[in-house]
4 protein chains.
Amino acid sequence: MSARPPLIAVCGASDARADERRVATEVGTLLVGRGAVIVCGGVGGVMAAVAGAVRRAGGTCVGLLPGADAADANADVTIALPTGLGEMRNALIARCCDGMIAVGGGYGTLSEIGFALRIGKPVVTLGSWDVHRPGDTGTDPAPHPAGTAADAVDWIMQRVLAR
Amino acid sequence: MSARPPLIAVCGASDARADERRVATEVGTLLVGRGAVIVCGGVGGVMAAVAGAVRRAGGTCVGLLPGADAADANADVTIALPTGLGEMRNALIARCCDGMIAVGGGYGTLSEIGFALRIGKPVVTLGSWDVHRPGDTGTDPAPHPAGTAADAVDWIMQRVLAR
Amino acid sequence: MSARPPLIAVCGASDARADERRVATEVGTLLVGRGAVIVCGGVGGVMAAVAGAVRRAGGTCVGLLPGADAADANADVTIALPTGLGEMRNALIARCCDGMIAVGGGYGTLSEIGFALRIGKPVVTLGSWDVHRPGDTGTDPAPHPAGTAADAVDWIMQRVLAR
Amino acid sequence: MSARPPLIAVCGASDARADERRVATEVGTLLVGRGAVIVCGGVGGVMAAVAGAVRRAGGTCVGLLPGADAADANADVTIALPTGLGEMRNALIARCCDGMIAVGGGYGTLSEIGFALRIGKPVVTLGSWDVHRPGDTGTDPAPHPAGTAADAVDWIMQRVLAR
């Protein structure tokens, strides 16, 4: 197994509410405490909140930006990678991470959850999408809803480290 | 406005049930009758059903394949485009279409719905995902659930032609 | 083997010179005569010239656009697929085709040639890039320079149909 | 301007010769000395050589892998991002960097050079491709050939910091 730390995606809207940004801040701090590297979409809202927490905790946060200009990154991501992919960079975030924490979020976050589950990555949600398929038998690897940032981080780290 | 016909994505699982494949077949026939060009993921299940219906109706169906080999396409797509993008081709399907019809579907379809809504494309569902965001005020451009293939095609063509 | 016609990419600059557009027009006409479907970047210059020739000859030309808006396509592509990938759509053109004809061209065309050769697609050039690697022993599958549109089409169709 | 360090792509073949790997090692050491963060394709040959040098010098090297599995990364990249894009990840490397150093290299490197020049990124080459367009007037922003690793690093850092 690789000696590299696990890579956890933290997803959520760029126009997140204050309570979502607070949760994202907690998540970032806790993930650094657990030795994870964080990847996010690199711009505002939840992404800025988590990047700020990671920087203050001394961790590393990679920002996969939708646009082509690194200057669009929030001030706190450690490494800004402008992808030029637009919203398709959501699929790249889901692809490259070991596990995902979704905090609130809009349709972009929904696409990230769908992608991550499609390719078998564990996903935990905090006040995020609740998704139901007609005829769902409950055997699918649905996103796991967590009540607190600490629960979400515990759950995802346990799943990621067990691989 | 362009003289080109509208491009409608038909999405659904490669391991679709028989009733989902039947609905996809109806959708394909009706879309060709309305002058649309169809885009799909190019492989099995819903994608094979819609491509077969489109071919029999004399229409055009573009298949955006996940893999790198055109030979993986189902026998009926008119034009097979192997993207090599893996499941990220879902984002490309959402990006290039004028509107989307989702029939049943798994997490891949969920990612396509999320993407399409994120970038403002109209989405109609047939026995597909029901998605809820906590605190949702009902003002979002949520996917429109339709009861029959004919209703779905009517709804999407009306939305697409009104643009 | 698939019954679908071969898919030939025709690449070149959007600011092509008149002689390059003339060559692209010849290439398009000849490819339709050979039963090929054409894929190009969907915008101006060489891409508009080849799409126009394909339309007049009654063939099919797929345009993989860099932007997110189908309205940016030239008037003649049969099917416009806005990818939103920016210049990365060049890699998609190289990936999805069975073979490539490069007419003149700038750095974008150079990237398409490099990609196509990297993934083993045959490439023929008409007044396009001449590339040399230090220490090149001449055993690499270099792009094949052709003198006329007819030679280029003959060469690529022979290579593609032999597969 | 951002306070983040410049991001320099180091490109070259996975089956590089020993002399190319030596040059890549020198380039990596020198780039860390200049405060750059390095991005590469994350696998073998030139990519492994530069990642090893960066690790030993205490720097940061991001690996954008073609495949979907982080375990395919060489042992030395600091952050492994499996993109699942196949060779299209070359376009992502060109897109996200501030400047590019190409060491030797095959057709994949040629595609990276083409892409980087197409989107206006400075490119310096060390024993890499020599490209000529018929009718080239010498006014294009061609790749700059350097004689030594030190010259290449000087040239690229000067160009990148001047922006």
Side-chain angles (χ1 to χ4, degrees), chain A residues 11-17 19-20 23 41 64 66 83 85-96 100 102-123 125-137 139-143 145-147, chain B residues 11-17 19-20 23 41 64 66 83 85-96 100 102-123 125-137 139-143 145-147:
Chain A
C11 301
S14 56
D15 59 350
R17 299 188 309 264
D19 62 306
E20 293 169 339
V23 169
L64 291 171
T83 68
L85 292 170
E87 299 306 322
M88 287 179 61
R89 71 84 153 79
N90 292 0
L92 197 60
I93 292 172
R95 171 56 78 191
C96 73
M100 180 182 288
V103 181
Y107 288 116
T109 306
L110 179 62
S111 75
E112 287 166 313
I113 293 172
F115 253 110
L117 293 171
R118 175 68 182 85
I119 58 180
K121 306 286 175 80
V123 178
T125 57
L126 282 161
S128 185
W129 291 92
D130 184 26
V131 296
H132 296 282
R133 186 160 36 155
D136 199 330
T137 59
T139 57
D140 282 329
Chain B
C11 301
S14 56
D15 59 351
R17 298 188 309 264
D19 62 307
E20 293 169 339
V23 169
L64 291 171
T83 69
L85 291 170
E87 299 307 322
M88 287 179 62
R89 70 82 153 80
N90 292 359
L92 197 59
I93 292 172
R95 172 54 79 192
C96 73
M100 179 182 289
V103 181
Y107 288 116
T109 306
L110 179 62
S111 74
E112 288 167 313
I113 293 171
F115 255 110
L117 294 171
R118 176 68 181 85
I119 59 181
K121 306 286 174 81
V123 178
T125 58
L126 282 161
S128 186
W129 291 92
D130 184 26
V131 297
H132 296 280
R133 186 161 35 154
D136 198 331
T137 59
T139 57
D140 282 330

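Since this is a predicted model, take the numbers as computed values, not measurements.
When every heavy atom of A/G114 is checked against every heavy atom of B/S111, the shortest pair comes out as C-CB, 3.8 Å.
If you tally non-hydrogen atom pairs under 4.5 Å between each of A/G104, A/A94, A/G105, A/A116 and chain B, the highest count goes to A/G105. Comparing B/E112, B/M88, B/R95 by how many heavy-atom pairs each has under 4.5 Å with chain A, the most go to B/M88.
Rounding to the nearest 0.5 Å gives a distance of 12.5 Å between CG of A/N90 and CG of B/N90.
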